[in-house]
Asks: 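Take this structure first; my questions come after.
Chain A is the first sequence line, chain B the second, and so forth, proteins listed ahead of strands; every chain is numbered from 1.
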Amino acid sequence: MEETSLINSIITGDEGAFRTFVDKYSVLVFRVIVSFGIRREDAEDLSQEVFIDVYHNIKKFRKESEISTWLYRIAINKTINHIKKNKQPAWTGKSADDIADMDNYVQVESSETKFVSEEQRVILYNSINRLSKNQKIAFTLNKLDELSYKEIAVIMNISVSSVESLLHRAKKNLQKSLLNFFK
Amino acid sequence: MICKNFKNNILNYYYGESEPDTAREMKEHLATCHECAVLFQQLTGVLGSADHIKEAAPNPFFYTRLSAKIHNQKPVSIYTRMITRLVQPLMAACLAALGIFIGVKIAGNLSENYFVETKSTQSEVAEMQLANEYFPKSGDEELIETFYLNDK
């Protein structure tokens, strides 16, 4: 089903169309939330909130941008608000259990490699947490979610050159932080 | 290339974003410098640890749960929202007024008690003065005791 007709069907209250929509975009929404370091249970709840917002407000969607851009914006806003509200920073203060919880996403690692990757994730997330909010968003979307500069610019509502600048500074700061750690 | 330059470009090199000439020099340096090779290996491990995100997926029952959540939510009418928005600040104002009233009452009771205590203290002093006039002084008591002792 074409995206526009899918959206129109959801507006008319077609449950099947909404299910198709959720099946199509749930992984995208879930991954972007997870990439901000949110725990699995919270990421599931936040993903549900994103789709509930979509369900209630899809009439307001102006079809000027792609629906995925809209979904990214809602997901990022909800994630950032969640972090602020719970004062649970995405990347800091992660206990070993929280990090271990991340491995539940992908249950293919052996216990030995799991232990190493847990430690490495703590180092990575602690370093990313030292970045400013916009640097974090730009870096996460580009390096972890693999979005292009143009896509990030549309999502963050800034110019491509601003994205480049943010990413340049994010990489410099992250490099400094990681080199200090391995000194 | 020296180690300092290698470290300054290490992240760009990891992400394959170095200039071709720089990338070639970095590669050559990696082959000759053991310390930088170890550092690069450690960095690769840390940056690669986020790869789990690429395979993350929500629970298979995601839609079922979502659907249940949507249908269990009662639609809130605009009037209910308006009433909630009006009642909440009103309740807060009432509680604040009640708090002030209780505070004033407690303060009033305390000051009344203070006056009562002061009054009672004044009357006690007057009674003591009167008692001192009528009752014999300690020196007189001793004299009476001595009188009885001598009487024996």
Asks: Does either side chain, that of A:N57 or that of A:K60, offer a donor lying less than 3.5 Å from an acceptor on the other one?
Replies: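 Yes.
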Asks: At a heavy-atom separation under 4.5 Å, does A:K172 approach chain B through its side chain, its backbone, both, or neither?
Replies: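 The side chain, not the backbone.
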Asks: Does NZ or CZ of A:K143 come closer than 6.0 Å to the centre of the six-membered ring of B:Y15, within 45° of the ring's axis?
Replies: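 Yes, A:K143 lies over the aromatic ring of B:Y15.
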Asks: Counting only non-hydrogen atoms closer than 4.5 Å, does A:L179 touch chain B with its backbone (N, CA, C, O), its side chain (CB onward), both, or neither?
Replies: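 Just the side chain, heavy atoms under 4.5 Å.
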Asks: Give the other cluster members for B:L95, using side-chain heavy-atom distances under 4.5 Å between Ile, Leu, Val, Met, Phe, Trp and Tyr residues; answer none if it is isolated.
Replies: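 Members alongside B:L95: none; it stands by itself.
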Asks: Does a salt bridge link A:D53 with A:K78, judged by any charged N lying under 4.0 Å from a carboxylate O?
Replies: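 Answer for the salt bridge query: yes.
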Asks: Check the orientation of B:Y13 and B:F40. Use parallel for under 30°, tilted for 30 to 60°, and perpendicular for over 60°.
Replies: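 Aromatic pair B:Y13/B:F40 classed tilted.
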Asks: Among the options A:L28, A:I52, A:I123, pick out the one with the most heavy-atom pairs lying under 4.5 Å from chain B.
Replies: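 Sorted descending by pairs with chain B, the first entry is A:I52.
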Asks: Non-hydrogen atoms of chain B under 4.5 Å away: do they reach the side chain of A:E146, the backbone, both or neither?
Replies: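 Only the side chain of A:E146 comes within 4.5 Å of chain B.
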Asks: Hey, are the side chains of B:F6 and B:C33 touching, using non-hydrogen atoms and a 4.5 Å cut-off?
Replies: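 When only atoms from C-beta onward are counted, B:C33 and B:F6 do not touch, as no gap falls below 4.5 Å.
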Asks: Name the region of A:V27, side chain, backbone, both or neither, that has any atom closer than 4.5 Å to a heavy atom of chain B.
Replies: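 Its backbone and side chain both get close to chain B.
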Asks: Does any heavy atom of chain A fall under 4.5 Å from the side chain of B:Y14, the backbone, both, or neither of them?
Replies: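 No part of B:Y14 comes within 4.5 Å of chain A.
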Asks: Between B:L39 and chain A, which part of the residue has a heavy atom less than 4.5 Å away: side chain, backbone, both or neither?
Replies: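 It is the side chain, since no backbone atom gets that close.
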